[in-house]
Trainee: 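I have a structure here, written as structure tokens, and I will follow up with some questions on it.
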Amino acid sequence: SAMAFPPDLDGVMLRKTELLSVLLPPPEKWGDLAHAIHEQAQALVPGHIYIDDGTWETHDSAFRRYRFCLIADAANHTISEAFLRSVAFHTVGLFNGYVEVGAMVFNGIGDFVETPFSLPETMQTVQKHNEHLGALWHYQRILQDQLQYRYNRPFEERLLSQACT
């Protein structure tokens, strides 16, 4: 499908009232890292944990109110829908998947230390990033333009245009 953005991105940014959410893959896809994240998140941010079912509604809940989201991506080493939607919602993803969209990507996302995982340390890093959030959001606007350009048509149309040239 085409890349979708919520309407009124400036309004979305102004309504971000929460600092951090956690987006986990479905439990059947959890490895040791997802279990560690879930256990620590239950203790520290219990009302801000979301299980990724791939729907717009879940991503809206996990991203719209939050400045940052720790995305424990089960689709490691790919560009996931959760990553794309975090950018669409102007939520800075703390992402442990592999991303190769372009050189600007690494200026608009964060990462986290996986081994040993520590949510308190991750939250300290997020607090530091929050002090420079304007610069991160600036880079995200550039990423949004890049992603919108690349994914502006449904997949089938993009495939047909490439296959028939």
Side-chain angles (χ1 to χ4, degrees), residues 3-25 30 33-148:
M3 178 80 182
F5 292 93
D8 185 23
L9 282 173
D10 291 328
V12 167
M13 292 169 65
L14 291 173
R15 290 186 293 274
K16 290 192 174 287
T17 58
E18 302 290 341
L19 185 63
L20 178 69
S21 64
V22 175
L23 183 66
L24 293 164
W30 288 6
L33 177 62
H35 281 286
I37 292 170
H38 183 257
E39 181 179 314
Q40 293 178 44
Q42 286 281 64
L44 295 172
V45 291
H48 305 281
I49 303 167
Y50 301 89
I51 304 299
D52 193 356
D53 61 5
T55 65
W56 180 267
E57 292 77 20
T58 297
H59 291 155
D60 182 64
S61 297
F63 302 138
R64 184 176 297 273
R65 296 180 300 139
Y66 298 93
R67 293 175 176 214
F68 298 88
C69 181
L70 191 157
I71 302 171
D73 196 348
N76 205 5
H77 303 294
T78 65
I79 298 172
S80 69
E81 187 169 38
F83 166 71
L84 292 174
R85 286 193 177 157
S86 73
V87 172
F89 276 99
H90 258 313
T91 298
V92 177
L94 305 176
F95 185 72
N96 69 329
Y98 178 76
V99 181
E100 188 175 328
V101 178
M104 297 300 293
V105 166
F106 299 103
N107 294 315
I109 64 171
D111 61 356
F112 58 90
V113 177
E114 293 184 24
T115 308
F117 177 75
S118 170
L119 188 54
E121 288 179 17
T122 300
M123 292 174 77
Q124 286 177 344
T125 301
V126 166
Q127 286 288 359
K128 290 177 187 173
H129 288 327
N130 193 45
E131 294 172 11
H132 305 285
L133 195 55
L136 291 170
W137 277 341
H138 173 74
Y139 281 116
Q140 280 206 333
R141 285 282 173 119
I142 295 169
L143 289 176
Q144 288 171 345
D145 289 345
Q146 184 180 14
L147 291 168
Q148 185 70 26

Trainee: List the atom of Ala72, the atom of Pro25, and the distance in Å for their closest heavy-atom pair.
Mentor: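 Smallest interatomic distance, heavy atoms only, reads O-CD, 2.8 Å.
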
Trainee: Carefully, step by step, assess Leu20 and Leu94 under the rule side-chain contact (heavy atoms from CB on, under 4.5 Å).
Mentor: CA-CA 10 Å; Leu20 178 69; Leu94 305 176; 4.1 Å; yes

Trainee: Which of parallel (below 30°), tilted (30 to 60°) and perpendicular (above 60°) describes Trp30 and His35?
Mentor: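 The arrangement is perpendicular - the two ring planes meet at more than 60°.
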
Trainee: Short question: side chain of Arg85, backbone of Asp60 - any donor-acceptor pair under 3.5 Å?
Mentor: no

Trainee: Of all heavy-atom pairs between Asn130 and Phe68, which one has the smallest distance, and what is that distance?
Mentor: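 Asn130 and Phe68 have their closest heavy atoms at N-CZ, 3.7 Å.
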
Trainee: Specify the closest pair of heavy atoms between Thr58 and Asp52, including all atoms of both residues, with the distance to one decimal.
Mentor: CG2-CA, 4.3 Å

Trainee: Can you name the side-chain hydrogen bond (donor to acceptor under 3.5 Å, both in side chains) partners of Thr125, sequence neighbours left out?
Mentor: none

Trainee: Does a side-chain heavy-atom distance below 4.5 Å link Thr91 with Arg64?
Mentor: no

Trainee: Can you tell me how far apart NZ (Lys16) and NE2 (His90) are? Round to the nearest 0.5 Å.
Mentor: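 Answer for the NZ-NE2 pair, Lys16 versus His90, is 8.5 Å.
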
Trainee: Among residues at least two apart in sequence or on other chains, which ones pass side-chain hydrogen bond (donor to acceptor under 3.5 Å, both in side chains) with Thr115?
Mentor: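 With sequence neighbours excluded, Thr115 shows a side-chain hydrogen bond (donor to acceptor under 3.5 Å, both in side chains) to no residue whatsoever.
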
Trainee: What class does the angle between the rings of Tyr50 and Tyr66 fall in, given that below 30° is parallel, 30 to 60° is tilted and above 60° is perpendicular?
Mentor: perpendicular

Trainee: Does Glu39 CD have over 12 foreign heavy atoms under 6.0 Å away?
Mentor: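 Count not over threshold, so no.
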
Trainee: Supply the atom-to-atom distance Leu33 CG to Leu24 CG, rounded to the nearest 0.5 angstrom.
Mentor: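 Rounded to the nearest 0.5 Å, the CG-CG separation comes to 9.0 Å.
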
Trainee: Report yes if the side chains of Leu19 and Met123 come closer than 4.5 Å at any heavy-atom pair, otherwise no.
Mentor: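 Answer no - side chains too far apart.
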
Trainee: Looking only at heavy atoms, which two atoms of Leu23 and Ala82 are closest? And how far apart?
Mentor: CD2-CB, 3.7 Å

Trainee: Could you tell me which residues satisfy side-chain hydrogen bond (donor to acceptor under 3.5 Å, both in side chains) with His38, sequence neighbours excluded, listed by chain and number?
Mentor: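 His38 satisfies side-chain hydrogen bond (donor to acceptor under 3.5 Å, both in side chains) with no other residue.
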
Trainee: Looking at residues at least two apart in the chain, or sitting in another chain, which of them share a salt bridge (charged side-chain N to carboxylate O under 4.0 Å, His left out) with Arg67?
Mentor: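 Arg67 satisfies salt bridge (charged side-chain N to carboxylate O under 4.0 Å, His left out) with no residue once adjacent residues are dropped.
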
Trainee: Using the side chain to side chain contact (heavy atoms under 4.5 Å, CB included) criterion, which residues pair with Ala41? Sequence neighbours excluded.
Mentor: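 Partners of Ala41 under the side chain to side chain contact (heavy atoms under 4.5 Å, CB included) test: Val22, Val45, Ile49, Leu119.
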
Trainee: Among residues at least two apart in sequence or on other chains, which ones pass salt bridge (charged side-chain N to carboxylate O under 4.0 Å, His left out) with Glu18?
Mentor: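 For Glu18, the residues satisfying salt bridge (charged side-chain N to carboxylate O under 4.0 Å, His left out) (neighbours in sequence not counted) are Arg65.
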
